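What follows is a set of notes on a single structure, which appears directly below.
On a predicted model such as this, the values are computed, not experimentally measured, just so you know.
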Amino acid sequence: MSDFLKFFEEKVESYPMHMEIYYSKTTDWCITIWKKMDEKVEIVNVQSNDMELVFAKAHVVLKEWLLENEGGY
């Protein structure tokens with residue numbers, strides 16, 4: 001979890017993004033990351049009942065998105 005948060009903190013300084021982390025009995029752990037330009041662009045949307053797993057998934061999805069859309073991270 002802390003590795004992902006550190007990675008996000010580094011990236012957000014040079015690439016403006018927003019992140020929401022929440023938990024509920026209905027949807028479990030959820031992480032959503034988006035950027036807002038002319039319209040809201042969703043980058044990451046993952047959920048799991050396992051907190052460690054949802055942070056790991058978000059880390060991977062964010063890195064993959066940055067590789068595909070921004071040429072790297």
Side-chain angles (χ1 to χ4, degrees):
M1 176 173 78
S2 64
D3 289 341
F4 169 69
L5 294 174
K6 287 177 187 175
F7 177 77
F8 182 82
E9 183 178 37
E10 290 173 9
K11 294 296 125 194
V12 81
E13 289 179 19
S14 60
Y15 190 83
M17 298 179 280
H18 308 275
M19 178 169 52
E20 182 175 78
I21 302 169
Y22 61 93
Y23 175 81
S24 78
K25 287 183 178 182
T26 307
T27 59
D28 300 318
W29 285 98
C30 301
I31 298 176
T32 305
I33 299 173
W34 69 94
K35 68 177 186 170
K36 189 167 184 175
M37 307 267 285
D38 294 334
E39 60 185 63
K40 184 176 175 179
V41 176
E42 189 173 272
I43 299 171
V44 175
N45 187 355
V46 294
Q47 78 179 62
S48 174
N49 63 347
D50 182 326
M51 183 180 67
E52 290 182 29
L53 181 58
V54 81
F55 278 91
K57 283 182 178 181
H59 201 160
V60 169
V61 172
L62 178 57
K63 283 185 172 182
E64 287 175 343
W65 190 91
L66 289 168
L67 282 169
E68 291 175 14
N69 296 282
E70 300 299 321
Y73 54 88

Is there a path of hydrophobic side-chain contacts, each under 4.5 Å between heavy atoms of I, L, V, M, F, W or Y residues, that connects Val12 with Val46? yes
Got a second to check how far Phe8's CZ is from Met19's CE, nearest 0.5 Å? 4.5 Å
Roughly how far apart are Ile31 CD1 and Tyr23 OH, rounded to 0.5 Å? 14.0 Å
Heavy-atom neighbours of Glu52 CD exceed 12 at 6.0 Å: no
Using a 4.5 Å cut-off on heavy atoms from C-beta on, say whether the side chain of Met17 contacts that of Leu62. yes
To the nearest 0.5 Å, what is the distance between CE on Met51 and CG on Asn49? 12.0 Å
For Val61 against Ile43, the heavy-atom pair lying closest together: CG1-O, 3.8 Å
Heavy atoms of other groups near Glu42 CD, more than 12 under 6.0 Å: yes
Side chain proximity check, Tyr73 to Leu67, heavy atoms < 4.5 angstrom: yes
Could you grab the distance from atom CH2 of Trp34 to atom CG of Asn45, nearest 0.5 Å is fine? 10.5 Å
Heavy atoms only: give me the nearest Trp29-Asp50 pair and the separation to one decimal. CD1-C, 4.3 Å
State yes or no: do Val54 and Met1 share one hydrophobic cluster built from I, L, V, M, F, W and Y residues joined by side-chain heavy-atom distances below 4.5 Å, directly or via other members? yes
Could you grab the distance from atom NZ of Lys11 to atom CD of Glu13, nearest 0.5 Å is fine? 9.5 Å
Kindly give the heavy-atom pair with the smallest separation between Lys57 and Gln47, and that separation in Å. NZ-O, 4.1 Å
Provide the closest heavy-atom pair for Leu53 versus Ser48 in the form atom of the first, atom of the second, distance. CD2-OG, 3.6 Å
Anything under 30° is parallel, anything over 60° is perpendicular, the rest tilted; go ahead and classify Phe55 against Phe4. perpendicular
State the NE2-NZ distance between His59 and Lys63, to the nearest 0.5 angstrom. 3.5 Å
Under a single-linkage definition using a 4.5 Å side-chain heavy-atom cutoff for Ile, Leu, Val, Met, Phe, Trp and Tyr, are Leu5 and Tyr15 assigned to the same hydrophobic cluster? yes
